Participant: 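Below you'll find the structure I mean.
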Amino acid sequence: MPQFSRTLVTTALPYANGPVHLGHLAGVYLPADLYVRYKRLKGEDVIHIGGSDEHGVPITITAEKEGISPQDVVDRYHRMNLDAFTKCGISFDYYGRTTSAVHHQTAKDFFFEIERKEIFQQKTEKLFFDAQTNRFLSDRYVTGICPICNNPEANGDQCEQCGTHLSPLELLNPKSKLSDATPELRETMHWYFPLGRFQQQLENYVNLHEDDWRSNVVNYTRTWLKQGLNDRAITRDLNWGITVPLDSDEAVGKVLYVWFDAVLGYISFTKEWATQQGEADRWKSYWQDPACRLVHFIGKDNVVFHTLMFPAILMAWNEAPQADCYNLADNVPASEFMNFEGRKFSKSRNYAVYLGEFLEKFPADTLRYSIAMNYPENKDTDFSWQDFQNRTNGELADTLGNFIKRSVDFTNTRFDGMVPADVTTDEWNNLGIDWQETLEQLDRAYEGFHFRDAASLGMDIARAANRFLTVSEPWKLIKVDREAAGRTIALSLNLCHALSIALYPVLPETCQRIHAMLGFDGRIEDLIVRGKSLFTELLTPVLLQGHKLRENSEILFTKIEDSAIAPEFAKINALLAEAEKREAAMVENRIEFKPVISFDDFQKIDLRVATVIAAEPVKKASKLLKLQLQIGSVTKQVLAGIAQHYSAEEMVGKNVVMVANLAERTMRNEVSQGMILAVEGADGKLFIIEPAGDEINGKQIQ
RNA sequence: CGUGGGGUGGAGCAAUUGGUAGCUCGUCGGGCUCAUAACCCGAAGGUUGCAGGUUCAAGUCCUGUCCCCACCA
């Protein structure tokens, strides 16, 4: 295990085509922030780099739909997401955008370098092109009939109904999702990155980390490696993105594919950060000094981009290096997903709670706590309003907030707002809390990315603190032994201080308020000293006798009334009802085949071409026509429920398809000796099957 | 079909390499009154999806089976 002296934390770049929701926060940004804040408080050198992913097709489509430019789209969502993150206390050291000049240059540098080494391959292939919108269509923008199950709405990459993986070329009757037009095949040339070239290196890389990476990360990655790595296109035909930095004609109209572009943003933004710090070269000490630990926080959907593709890009750069080599990620703590009220968050269905929206209603720390306690570390978890209310009221307000307040209030009313005594180390160590052990547990929790543990460790202290205060009963004690009461309250106050440190990564704003309530002026962050851990303050009492608290106490967490979350339930129900309706409509459109029958079964049906020789309405039966059918030399009478669609007169002379061996049945006192075939169109309109041909009367249909 | 992840007291979750099945909430009973009707103590409640197997010992390992969920921007 190498000893790192610095840490570079990156978070997946949110796509600037929509607002981030709680699922993103839970899987990526909050855990990263907890980790980074923890390390900062420990006095370590750590930076958190993130930013907006601002290229790609969907953005251009949004722009077109709204009649604005792609730049307008990304401007909007970049600002919106950065604002939401800031409100949530996600403390980026730098939050960049892939549209920046520095990033474009970085990406081009990488392209150039890999092109120079002749690693890329150029391939020409036929892709669907939508002439109406003038775009080449990526797989998921093509829809058509699934060749396997006939689902009419199969996607170009996969049929949702039968799960088959498809190529767009396999679809029957392909349509562009952008315009409904039938796309044409056109030749186009693209640069490909030969991932397979790095197969062995990548396998070694993963093997090296099989013990310290999460099993889900290793598994996802190995699944890919087992299948063998294919060439991957790194360019696309598009006019929004980073142009291929070559002068040749073939580079015209090509941009770098987002998967190549976006991950390099981590590097670009670190450069921008360094420049902003006034030390333009400092980014190198994070990317190119092996003493720096690189950690990518992502969701599980992003694993292979960070364990295979990005490393492969860096390996390509590092090969026969002319410049300094890049570090590969030391860890990739990919989260599972957080669901919302039992279902997946879904941007397209608008089934989501957006971060900015949430923070307009409830304080950031309540969200941070709830989400930290439900961090999807090993498996998918669930965010529910009920759970959020319970945790906020029962844990944050009742357990934590109330403890702080009762300690401070008691001091203010009985001890003039001053810490009444010094606390000895013995007393501090006899609270039933093993501080040394707590410190180690906190360290294991944060360093191992176990954020639920980290948050509950803090709350455990609050619970122990309540226990201590209730059991020592200073309100009784003060009547007989003021000094003894003072000692217990001094302990309580020091517990408050300990809580403000221990919970700081999870509840930065709240802890700052505790800090202030305890009579400290500055910011907690201002106490940070490089190389010295603030958490060691847990080991000894910090508040000394005579320390003056701020005069007034405050309620740290307002309880969430049922009425405050009731509208959220209403909203969900409305959304679900809407989704259900849509899904019901889908089911209706879906073609459900009857169970398979054998050929022999089919042969049992005697289908004949019959000619209508006479027709008349049936009395008291508005839907029935009585037909006399000629089948060769035989005449049969059939009652057909077509009176509302065909008149008796127009039926005469028609050829129809008849089931000739159907058991007889009597309706309205008339015998029906078979049935004729018809198909029901929209609105229940019937169309008779009319076989056309010469001399086919009486012939069997098969 | 395939691959991956799951099924633990009413709910949500924990259980390092197999070794007394824990926690939070809820329920019930009690205590306290400093505090946000809060806090503290106690109790009830699980044959760990089902069926086999390995073992001195299985939630944990093996086999089979049933059910749930996710699956490439």
Side-chain angles (χ1 to χ4, degrees), chain A residues 12-15 17-18 53 56-58 138-140 148-149 155 157-158 160 162-165 214-224 226-227 232 257-259 262 298-305 308-309 336-337 339 342-344 347-348 370 373-384 386-387 389-415 444 448 450 452-453 455-456 459-460 462-479 485 488-489 492 553-560:
Chain A
L13 309 186
Y15 196 49
N17 190 36
D53 176 7
V57 180
S138 69
D139 294 356
R140 68 200 173 102
I148 311 294
C149 72
N155 289 321
D157 49 1
Q158 187 181 23
E160 302 256 319
C162 68
T164 313
H165 288 273
R214 279 185 192 162
S215 59
N216 62 346
V217 174
V218 174
N219 286 342
Y220 275 113
T221 308
R222 289 226 166 113
T223 305
W224 270 62
K226 259 181 243 159
Q227 288 167 356
R232 254 186 113 78
Y257 204 163
V258 277
W259 74 262
I298 57 169
K300 64 178 167 186
D301 52 333
N302 240 333
V303 166
V304 291
F305 291 98
L308 296 176
M309 294 161 202
E336 300 288 317
F337 287 144
N339 293 325
R343 293 159 190 261
K344 278 191 75 168
K347 220 188 256 183
S348 55
S370 265
M373 291 296 274
N374 283 305
Y375 174 57
E377 178 176 335
N378 306 310
K379 58 181 168 191
D380 292 357
T381 62
D382 197 45
F383 178 90
S384 75
Q386 187 66 64
D387 179 77
Q389 184 190 30
N390 281 343
R391 292 202 185 276
T392 302
N393 293 355
E395 297 176 34
L396 291 177
D398 293 344
T399 303
L400 174 64
N402 187 49
F403 172 73
I404 305 287
K405 184 151 191 300
R406 60 201 293 226
S407 304
V408 171
D409 280 355
F410 197 91
T411 310
N412 282 335
T413 54
R414 316 294 169 95
F415 291 103
R444 273 199 298 275
H450 310 305
R452 286 193 309 251
D453 291 352
S456 42
M459 201 48 69
D460 286 344
R463 275 187 271 267
N466 271 310
R467 203 171 307 131
F468 164 75
L469 185 53
T470 300
V471 169
S472 41
E473 299 180 309
W475 46 91
K476 274 187 185 167
L477 207 51
I478 195 168
K479 294 173 186 160
T488 65
I489 210 67
S492 286
S553 71
E554 66 180 298
I555 286 182
L556 289 171
F557 296 99
T558 314
K559 293 212 195 179
I560 297 170

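Quick caveat, the model's predicted, so the values are computed rather than measured. Every chain is numbered from 1 and lettered A, B, ... according to where its sequence line falls, protein lines coming before strand lines.
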Participant: Could you check A:Asp453 against A:Ser407 and say which one's nearest nucleotide on RNA chain B is further toward the 5' end?
Facilitator: A:Asp453
Participant: Please state the P separation for the pair B:G10 and B:G53 - nearest whole angstrom.
Facilitator: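 After rounding to an integer number of Å, I get 28 Å for this pair.
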Participant: Looking at B:A14, I'd like to know if its phosphate oxygens (OP1 or OP2) sit under 4.0 Å from a side-chain N or O belonging to A:Lys379.
Facilitator: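 Yes, such a contact exists.
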Participant: Whole angstroms only, please: what is the CG-P distance between A:Asn390 and B:U36?
Facilitator: 21 Å
Participant: Rounded to the Å, how far apart are A:Met373 CE and B:C25 P?
Facilitator: 10 Å
Participant: Where the side chain of A:Lys344 is concerned, which of B:C32, B:C34, B:A70 is the nearest nucleotide?
Facilitator: B:A70
Participant: Can you tell whether the side chains of A:Arg406 and A:Asp409 come within less than 4.0 Å, N to carboxylate O?
Facilitator: no
Participant: Checking contacts here: which listed nucleotide (B:U36, B:C40, B:U33) is nearest the side-chain heavy atoms of A:Val471?
Facilitator: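 Selected nucleotide (nearest to the side chain): B:C40.
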Participant: When you compare B:G22 with B:G9, how far apart are their C1' atoms, in angstrom units rounded to a whole number?
Facilitator: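 Their C1' atoms lie roughly 11 Å apart.
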Participant: Tell me: CG of A:Leu400 to P of B:U36, nearest whole Å?
Facilitator: 15 Å
Participant: Round to a whole Å and report the spacing from CZ of A:Arg222 to C1' of B:G5.
Facilitator: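 It is 17 Å, rounded to the nearest whole Å.
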Participant: Could you please name the option among B:U36, B:C32, B:G31 that lies closest to any side-chain atom of A:Thr470?
Facilitator: B:G31
Participant: Just how far is it from atom CG of A:Leu400 to atom NZ of A:Lys405, taken to the nearest 0.5 Å?
Facilitator: 13.5 Å
Participant: Check this for me, if you would: do A:Lys344 and A:Asp382 make a salt bridge, where the nitrogen-to-carboxylate-oxygen distance has to be below 4.0 angstrom?
Facilitator: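 Salt bridge flag = no for A:Asp382 with A:Lys344.
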Participant: Tell me the partner of B:C25, counting only Watson-Crick (N1-N3 plus N6-O4 or O6-N4) or G-U wobble (N1-O2 and O6-N3) with both under 3.5 Å; none if nothing fits.
Facilitator: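 Base-paired to B:G10.
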Participant: Using a strict cut-off of less than 4.0 Å between a Lys/Arg side-chain nitrogen and an Asp/Glu carboxylate oxygen, indicate whether A:Glu336 and A:Lys379 qualify as a salt bridge.
Facilitator: no
Participant: Using the P atoms only, state how far B:A21 lies from B:G45, rounded to an integer number of Å.
Facilitator: 15 Å
Participant: Thinking salt bridges, do A:Asp453 and A:Arg444 make one under a 4.0 Å N-O criterion?
Facilitator: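 No, this pair does not count.
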Participant: Could you tell me whether the side chain of A:Trp475 has a donor or acceptor atom within less than 3.5 Å of a complementary atom in the base of B:C32?
Facilitator: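 There is none.
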Participant: Taking atom P of B:G26 as reference, at what distance in whole Å does atom CD of A:Glu395 sit?
Facilitator: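 Checked: the CD to P distance equals 10 Å.
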Participant: Mind checking the C1' distance from B:U27 to B:G59? Whole angstroms is fine.
Facilitator: 26 Å
Participant: Less than 4.0 angstrom between a side-chain N/O of A:Lys559 and OP1 or OP2 of B:U36, yes or no?
Facilitator: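 No, A:Lys559 has no side-chain N/O under 4.0 Å of OP1/OP2 on B:U36.
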Participant: For A:Arg391, answer base if it contacts any base atom (sugar-phosphate contacts may also be present), sugar-phosphate if it contacts only those atoms, and nothing otherwise; contact means non-hydrogen atoms under 4.0 Å.
Facilitator: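 It contacts nothing in the nucleic acid.
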Participant: Does A:Ser370 have any side-chain hydrogen bond (donor to acceptor under 3.5 Å, both in side chains) partners at least two apart in sequence or in another chain, and if so, which?
Facilitator: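 Expected list: none.
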Participant: Across the strands shown, which category fits A:Asp301 at heavy-atom distances under 4.0 angstrom: base, sugar-phosphate, nothing?
Facilitator: nothing
Participant: Taking atom C1' of B:C34 as reference, at what distance in whole Å does atom NZ of A:Lys405 sit?
Facilitator: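 The distance from NZ of A:Lys405 to C1' of B:C34 comes to 10 Å, rounded to the nearest Å.
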Participant: Examine B:C41: is either OP1 or OP2 under 4.0 Å from a nitrogen or oxygen in the side chain of A:Arg467? Give yes or no.
Facilitator: yes
Participant: Expressed in whole Å, how much space separates the P atoms belonging to B:C23 and B:G4?
Facilitator: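 Between the two P atoms, the distance is 35 Å.
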Participant: Under 4.0 Å between a side-chain N or O of A:Arg406 and OP1 or OP2 of B:U36?
Facilitator: no
Participant: Any side-chain heavy atom of A:Asn339 within less than 4.5 Å of one from A:Thr381?
Facilitator: no
Participant: So what does A:Tyr220 touch, heavy atoms closer than 4.0 Å: a base, only the sugar-phosphate, or nothing?
Facilitator: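 If one applies the 4.0 Å heavy-atom cut-off, A:Tyr220 turns out to touch nothing in the nucleic acid.
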Participant: Please tell me which of A:Ile555 and A:Asp380 maps to the more 5' nucleotide of RNA chain B, matching each residue to the nucleotide holding its nearest heavy atom.
Facilitator: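 Result of the comparison: A:Ile555.
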Participant: Select base, sugar-phosphate, or nothing to describe what A:Leu556 touches, counting heavy atoms under 4.0 Å on all strands.
Facilitator: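 Contact class for A:Leu556: base.
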Participant: Do the numbers put A:Lys300 on top of the ring of A:Phe337, so that NZ or CZ is under 6.0 Å from the six-membered ring centre and no more than 45° off the axis?
Facilitator: yes
Participant: Between atom CG in A:Asn378 and atom C1' in B:C69, what is the gap in whole Å?
Facilitator: 15 Å
Participant: When the P atoms of B:C67 and B:C1 are compared, how many Å lie between them, rounded to an integer?
Facilitator: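 Here B:C1 and B:C67 have their P atoms 11 Å from each other.
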Participant: Work out how far the C1' atom of B:C61 is from that of B:U54, and round it to whole angstrom.
Facilitator: 8 Å
Participant: In whole Å, I'd like the distance from the CZ atom of A:Arg214 to the C1' atom of B:G4.
Facilitator: 16 Å
Participant: Checking base pairs now: Watson-Crick or wobble, both atom distances under 3.5 Å. What partners B:A37?
Facilitator: none
Participant: Identify which nucleotide among B:U36, B:C39, B:C34 has an atom closest to any side-chain atom of A:Asn466, counting heavy atoms from C-beta outward.
Facilitator: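 Minimum distance to the A:Asn466 side chain belongs to B:C39.
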Participant: Establish, with yes or no, whether the OP1 or OP2 oxygen of B:C69 is under 4.0 angstrom from a side-chain nitrogen or oxygen of A:Lys300.
Facilitator: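 Indeed not, no polar side-chain atom of A:Lys300 lies that close.
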Participant: What interatomic distance, in whole Å, is found between P of B:G52 and the corresponding atom of B:A58?
Facilitator: 14 Å
